[in-house]
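Read the numbers this way: they start at 1 and go in the same order the structure lists the ligands and their atoms.
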Amino acid sequence: MRAVMTTEKNKPWELKEVDKPKPAENQVLLKVHASGICYTDVHQTKGELPVNYPCILGHEPVGEIVELGPGVRSRKLGDRVGVPWVQAGCGSCEWCLRGKNAFCRKSFGTSASMQGGHAEYMVVWAEGTMPIPKELTYAEAAPIFCAGYTVWSGLRIAEPQPGERVAVIGIGGLGHLAVQYAAASGFHTIAVTHSEDKKKLALELGASEVVSTGKELQECGGADVILATSNSAEQTFDCIKGLRPDGRFIVMGVYGEPFQINLMDLLFKRARIIGSIQNGPEHLYEALDIAAKGKIKVMTETFKFDDVTTAYDKVAKGDVRFRAVLTP
Ligand SMILES: [Zn+2]
Ligand SMILES: [Zn+2]
């Protein structure tokens with residue numbers, strides 16, 4: 001099969017011929033129809049996140065089940081499914097027993113201990129798969145398995161209350177979905193972006209207001225919930241001043257520098273900074289369901305495997321509107 005290989009740190013991805021994997025017990029073989037490129041792929045390629053080279057990256061894969069390993073009972077051949085970052089836990093540690101396998105130290109991660117999605121085929125744990133609603137194409141569904149799942153989880157963990165204001169920092173792969181999920185849920189949604197062309201787009205996506213800086217966010221009335229989706233640490237830290245009293249600042253990305261904050265911004269506002277990952281299958285189910293009902297629209301640019309270098313460069317530069325998806 002053809003696969004996009006990441007062979008060493010900071011080296012361009014290479015299209016190679018590799019052996020097709022075989023599903024073991026409780027695993028299925030997926031024929032990949034679409035695989036989103038997340039900015040995390042860039043972090044992994046640059047060695048900013050742990051990776052075992054050589055490897056196949058991609059943690060937003062969707063496809064069709066074409067082979068079942070022994071013992072699989074919940075999926076059948078032909079099912080349209082995707083898998084998120086965490087496919088399964090060890091099954092026996094405290095966090096697995098509590099049903100929170102995201103905290104398992106021995107979890108099976110897509111593009112980590114399990115092969116990633118930038119390939120024609122991949123083996124995944126059956127229990128980690130989530131069916132794709134029939135209303136969604138493969139290319140639309142793929143970005144929901146990381147970007148959509150992440151931002152919907154972030155909004156849910158913030159526990160926004162009726163009438164509260166939600167701000168989204170950064171209008172990119174995650175942010176364009178976060179604005180739509182917040183607006184579709186009925187919240188007054190404020191987009192924070194420096195980019196002129198994204199300001200108009202953010203309004204079209206459902207934002208009620210668009211501002212450029214934390215000061216402007218503060219001046220327009222601030223936000224009870226801030227969803228930090230930007231890759232820029234500077235822009236992220238700048239927006240903390242836009243939190244309203246009892247506000248929640250949701251961190252969903254990694255930055256190459258320490259988190260900088262003026263404690264006065266937190267203390268006198270009784271504000272909270274909350275780390276959020278992908279907080280469980282319920283949130284993935286909901287993120288897909290909202291998309292299937294047409295309340296949010298995933299905006300993608302699709303690329304064939306032969307154009308993978310172009311796709312990677314566009315993602316690394318933040319030039320994609322808004323998610324690059326590989327279609328083998
Ligand atoms: Zn991701
Ligand atoms: Zn475990």
Side-chain angles (χ1 to χ4, degrees), residues 4 6 13 26 32 34-46 48-51 55-62 82-118 122 124-125 127-128 130 139-155 170-178 181 227-231 250-256 275-281 283-284 287-288 291 298-301 311-312 314-316 318 320 322-326:
V4 178
T6 307
W13 292 354
N26 297 318
V32 179
S35 182
I37 305 179
C38 180
Y39 199 81
T40 299
D41 293 21
V42 178
H43 286 307
Q44 289 177 307
T45 304
K46 288 180 176 174
E48 293 164 358
L49 287 172
V51 183
C55 63
I56 300 170
L57 296 180
H59 54 271
E60 291 182 338
V62 292
V83 277
W85 179 271
V86 176
Q87 293 182 15
C90 73
S92 54
C93 73
E94 176 188 350
W95 299 106
C96 285
L97 296 178
R98 285 177 181 272
K100 298 178 180 180
N101 65 16
F103 300 136
C104 173
R105 300 283 297 272
K106 294 178 186 163
S107 67
F108 294 90
T110 309
S111 87
S113 61
M114 300 295 286
Q115 181 211 305
H118 303 336
M122 67 189 293
V124 299
W125 289 97
E127 67 178 273
M130 180 66 83
E140 287 169 334
I144 296 176
F145 280 83
C146 176
Y149 185 9
T150 299
V151 299
W152 179 250
S153 267
L155 184 63
I171 306 303
L174 272 71
H176 91 285
L177 296 175
Y181 278 118
L227 303 176
T229 78
S230 167
N231 298 315
I250 311 297
V251 180
M252 290 176 285
V254 289
Y255 313 101
S276 177
I277 41 175
Q278 296 174 347
N279 302 323
H283 292 175
L284 175 58
L288 286 163
V298 182
M299 296 169 75
T300 60
E301 286 183 33
Y312 178 86
K314 282 195 89 171
V315 173
V320 179
F322 283 97
R323 198 58 148 182
V325 174
L326 293 175

*Relative to each other, are the rings of Trp85 and His59 parallel, tilted or perpendicular (30° and 60° limits)?*
perpendicular
Side chains of residues 37-44: which donor-acceptor pairs under 3.5 Å do they make with residues two or more places apart or in other chains?
unit_1 : atom_1 : unit_2 : atom_2 : d
Asp41  : OD2    : His118 : NE2    : 2.8
His43  : ND1    : Glu48  : OE1    : 2.6

Closest heavy-atom pair and its distance - [X], [Y]:
| X | Y | answer |
| --- | --- | --- |
| Ala178 | Leu227 | CB-CD1, 4.1 Å |
| Thr229 | Gly170 | OG1-O, 3.0 Å |
| Val325 | Ala142 | CG1-CB, 4.5 Å |
| Asn101 | Cys96 | CB-SG, 4.1 Å |

*Restricting to pairs with a member in residues 83-101, which pass salt bridge (Lys or Arg N to Asp or Glu O under 4.0 Å), not counting sequence neighbours?*
Glu94-Arg98
*Near the Zn ion (ligand 1), which protein N/O/S atoms are found at less than 2.8 Å?*
Cys38 SG, His59 NE2, Cys146 SG
*Stepwise, does the side-chain hydrogen bond (donor to acceptor under 3.5 Å, both in side chains) test hold for Thr110 with Gln87?*
CA-CA 7 Å; Thr110 309; Gln87 293 182 15; 2.9 Å; yes
*With 2.8 Å as the limit, jot down which protein N, O or S atoms are around the Zn ion (ligand 2).*
Cys90 SG, Cys93 SG, Cys96 SG, Cys104 SG
*How far does CG of Asn279 sit from OG1 of Thr150, to the nearest 0.5 angstrom?*
8.5 Å
